[in-house]
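Notes follow the structure.
Here is the naming used below: chain letters follow the sequence lines, and residue numbers restart at 1 for every chain.
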Amino acid sequence: MTLHNVKKTVLPIVNLVRMQGVPILDQLHLEERLLRCDFKNWCILNVGTPQPTIVMGVSGKPSELINIKSVIYNQVPVIRRFTGGGTVIVDKETIFVTLICSREAIPLLNLYPQPIMSWTGTLYRDALSDFGKFHLRENDYVFNNLKFGGNAQSITKNRWIHHTSFLWDYDVRNMDYLKHPPRSPKYRLERSHEQFLCKMKEIIPSKLIFIEKTLNSLQKHFVLQPTQPEDIDALNAPYAPSSRMLTREELEQELLSTCA
Amino acid sequence: MASRVLWASRAASYLRISTFNRAFSTVLKDLKYADTHEWVKVDGDSATVGITDHAQDHLGDVVYVELPEVGSTVAQGANFGAVESVKATSDIISPVSGEIVEVNEELSNSPGLVNASPYENGWIIKVKLNDAAELNSLMDSDKYTKFCEEEDNH
């Protein structure tokens with residue numbers, strides 16, 4: 001085997017953690033620890049979170065993004081996560097896929113939002129173009145012009161995270177907790193949540209097929225090394241993740257401030 | 001066209017700025033630069049810090065700036081805040097060590113100042129320096145210009 005052939009086959013290792021039904025806040029805490037306290041590459045797969053939960057981006061203002069009265073009345077948890085981006089409502093039919101990488105994992109990738117977003121777009125295009133007209137459209141994953149996944153990123157000096165909540169299925173009544181956001185992509189065209197989103201289960205045969213296709217696409221770039229969550233060293237690192245659940249008092253305060 | 005380029009480079013020289021041949025990001029001659037794309041303007045034992053024109057251009061429209069607390073300390077090479085753009089938070093890395101004596105509160109209402117005026121109204125923090133010798137590890141405008149070109153061309 002020539003040196004050239006050896007070089008071509010050496011791919012970076014990505015530790016693959018597969019979870020089922022882990023609460024989204026726990027997942028976010030794990031991700032933040034892996035981004036900040038670890039140096040390895042990671043792929044986190046979590047199929048479902050136990051209860052419907054609203055997850056806002058780092059700068060999200062509840063009064064602009066959610067219907068606070070009904071959220072408080074129905075005791076829907078609201079989380080502010082550490083990454084940028086918009087607001088989603090996730091539940092047991094949401095599939096979460098996260099990639100956390102060091103700069104060296106993809107050497108020619110500049111660590112800015114757009115290049116990373118484009119790179120993940122090609123990853124999911126490879127995985128999903130058999131099922132429909134996949135596009136990365138104004139930073140959303142869409143089939144035609146229907147969004148099926150919300151994504152967000154965080155970039156540090158030498159590492160980055162890109163995580164996505166894929167809408168395998170959803171209860172349209174839950175979407176009523178979310179307002180039409182002040183910053184919307186142009187292609188949304190004032191459509192309601194129901195008109196703007198699509199359910200992956202109507203396009204892809206099964207969750208397993210979606211996951212296998214995604215892992216196959218990842219394996220073009222990485223060697224995936226299965227890892228058990230309990231074996232993750234960063235869980236013990238002295239670090240306080242910033243993602244947190246908003247308290248009822250905070251939500252009530254927000255509601256009062258809009259009424260004032 | 002040649003005369004316009006000549007005029008532009010003379011104007012740039014007068015204004016103490018340098019421009020790439022492709023006429024994109026601005027780099028100011030009197031500042032120091034980190035390889036993480038922050039700039040420092042030194043005034044005695046104080047420094048003003050922001051992100052460069054190159055950085056704001058590559059980040060996209062900034063919609064939020066996470067500012068540190070006045071009185072907290074920063075360390076060279078460590079993050080002290082973040083900007084949000086295009087669904088991403090990006091760490092801001094301090095090019096110097098010291099105590100934060102002022103933050104640009106305007107950025108809370110107008111985060112777009114980072115894009116519109118990265119070297120003036122978009123400044124982020126002011127720091128009382130611990131160790132002026134740290135500035136020697138930063139790049140001057142010529143080195144930073146070259147650094148940006150190499151980053152964009154790789």
Region of [X] in contact with chain B, defined by heavy-atom distances below 4.5 Å:
X: A/R36; answer: side chain
X: A/T83; answer: backbone
X: A/P107; answer: backbone
X: A/N158; answer: neither

- Task: Look at B/I93, B/I92, B/V63, B/T36 and state which one has the largest set of heavy-atom pairs under 4.5 Å with chain A.
- Result: B/V63
If we ignore angles and hydrogens, is there a donor and acceptor under 3.5 Å between the side chains of [X] and [Y]?
X: A/Q114; Y: A/N139; answer: yes
X: A/E250; Y: A/T247; answer: yes
X: B/E66; Y: B/T89; answer: no

- Message: Are there over 12 heavy-atom neighbours, none belonging to B/E120, within less than 6.0 Å of that residue's CD?
- Response: no
- Judged by atom type as modelled, is there a donor-acceptor pair below 3.5 Å linking the side chain of B/Q56 to the main-chain atoms of B/V114? no
